[in-house]
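Note that these values count all heavy atoms, side chains included, but never hydrogens, waters or copies made by symmetry. Counting convention: from 1, in listed order, for ligands and their atoms alike.
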Amino acid sequence: MDLWHIPAIDQHAHPVLKPDATMPFAAAFTEGHDPILVERFARQTLFYRRSLHDLAMLLECDATEEAIVARRGELGPETLTERCLGAARLETMLLDDGYLAEQSQPLAWHRRFVPVRRLLRLETLAEDLLATSERFQDFDDRLRAALDPPPADVVAFKSIAAYRCGLRDAVTASTEHVECWFNRIPRQNRLRLTDAGVIHHVLRHALEAAARHGLPIQFHAGFGDADLDLRDANPLHLRPLLELPACRQVPIVLLHNYPFVREAGYLASVYPRVYADFGLAVPFLSVGGMKSVVAQLLELAPTGKVLYSSDAHFIPELFYLGAKWGRLILGETLENAVDDGDLTAREADQVAAAILCDNARVLYRL
Ligand SMILES: [Zn+2]
């Protein structure tokens, strides 16, 4: 099935870096940050090798890193981004601007190319407020005020608890613990928030605000870069949170999920407000890996709960690669479903539109 006629909503990605940010091109193709890994091994993945050919076609140059980097320089950041986002055929993109904010282009810059809505990263907000609050009560009041009501262009909250403390026991928050912690920490410098109790306290406020304003919360789950402990990033750990009465009103969106894709599909199949996407796995895996991820998610998850995203970051090319392979792999998976007798051809068309854009449009009220 050719799905290029369907404009996609990229429901989770990040701003691209400013032109003066120094980052080797290959660094955008690995979740590893170690310089040895970036220098010696990032170019050895099937994803990277395949992408050279994809980008050579898009940018009209040879399929080598040198030629692509030279071509990027010729085009300049605006023309390059316009070409990548235009080719991705996006209706809207939702950007989490809490990652490397200083080094990234502002959301307004991206709006020149595609309509953008904002994802508010909870842990970064809490870090900003911790750095500038003298007393615990100030911090807590400002946190509530920042979430409720949410800023005007925010369509969802996003949590990186998986990176900071893992997804286990995300409901154990006592205000006393947070206050004690607050009074202990030195606040001369901005800190990196990793305390599970504090993160759960922030999540509790976010759940209340999200329930009141009908906002979803996105959770990073599964793989990511190396400061994540994959053992604690299995979305099944979210069960205690999903059992909370507040979660009957708040849609929870499980991002990425690899390799816990079946687990995410299971949660989407038993909790009415749980959704799952296959971003990052598509386009970061081999073609075989991407096929199995999308197929595994659709083994069990209701099709109205599956969403498209790229998790693009750093460079605009990743928006295009996500959109290209998202459509190709989804098209092939649905074709197989028709061959297998799971879906009629007409149903497959509807499911494709649902996953690429309709589900997100309804969920985020776009
Ligand atoms: Zn992300």
Side-chain angles (χ1 to χ4, degrees), residues 8-17 21 23 27-33 47 85 88 90 92-107 110 114 116-125 127 154-167 192-193 199 203 206 215-230 232-235 238 251-261 264 275-285 290 293 306-323 325-326 360 363-364:
I9 294 175
D10 192 338
Q11 69 113 28
H12 178 90
H14 303 269
V16 304
L17 293 176
M23 176 103 46
F29 294 81
T30 172
E31 289 290 295
H33 292 318
F47 167 48
L85 290 178
L90 299 178
T92 303
M93 51 192 194
L94 313 188
L95 300 184
D96 163 12
D97 56 354
Y99 179 52
L100 298 184
E102 301 282 288
Q103 297 169 57
S104 301
Q105 297 279 20
L107 297 191
H110 298 77
V114 175
V116 172
R117 308 300 292 273
R118 182 169 172 233
L119 304 167
L120 176 63
R121 189 188 279 228
L122 296 166
E123 291 78 4
T124 310
L125 168 70
E127 286 168 351
V154 167
V155 293
F157 298 139
K158 146 87 183 287
S159 171
I160 52 162
Y163 275 104
R164 300 304 184 78
C165 60
L167 296 176
R192 186 173 179 281
L193 182 57
I199 290 173
L203 276 176
L215 248 58
I217 303 183
Q218 298 186 344
F219 277 84
H220 180 107
F223 78 142
D225 61 43
D227 59 354
L228 172 145
D229 186 336
L230 190 56
D232 293 332
N234 186 328
L238 285 173
I252 300 292
V253 182
L254 306 173
L255 304 171
H256 321 316
N257 298 304
Y258 180 82
F260 310 113
V261 181
Y275 295 73
D277 83 0
F278 49 83
L280 192 59
V282 178
F284 261 60
L285 303 185
M290 294 190 290
V293 159
V306 177
L307 301 157
Y308 166 74
S309 82
S310 64
D311 199 34
H313 52 280
F314 299 165
I315 60 170
E317 286 92 329
L318 291 174
F319 288 94
Y320 168 69
L321 295 171
W325 288 99
L363 180 62
Y364 299 103

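Below the 2.8 Å limit, the Zn ion (ligand 1) has as protein N, O or S neighbours His12 NE2, His14 NE2, Asp311 OD1.
For Ser159 and Glu123, the side-chain atoms include at least one donor-acceptor pair closer than 3.5 Å. A donor and an acceptor atom, one from each side chain of Gln218 and His12, are located under 3.5 Å apart. Side-chain atoms of Tyr308 and Gln11 include no donor-acceptor pair closer than 3.5 Å.
In summary, of the residues considered (Lys158, Arg118, His14), a side chain to side chain donor-acceptor pair (under 3.5 Å) with Asp97 occurs for Arg118 alone.
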* Using the salt bridge (Lys or Arg N to Asp or Glu O under 4.0 Å) rule, take Arg164 and Glu127 through it: C-alpha gap first, then chi angles, then the decisive distance, then the call. => CA-CA 12 Å; Arg164 300 304 184 78; Glu127 286 168 351; 2.6 Å; yes
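Salt bridge annotation for Arg117-Asp10: absent, with no cationic side-chain nitrogen under 4.0 angstrom from a carboxylate oxygen.
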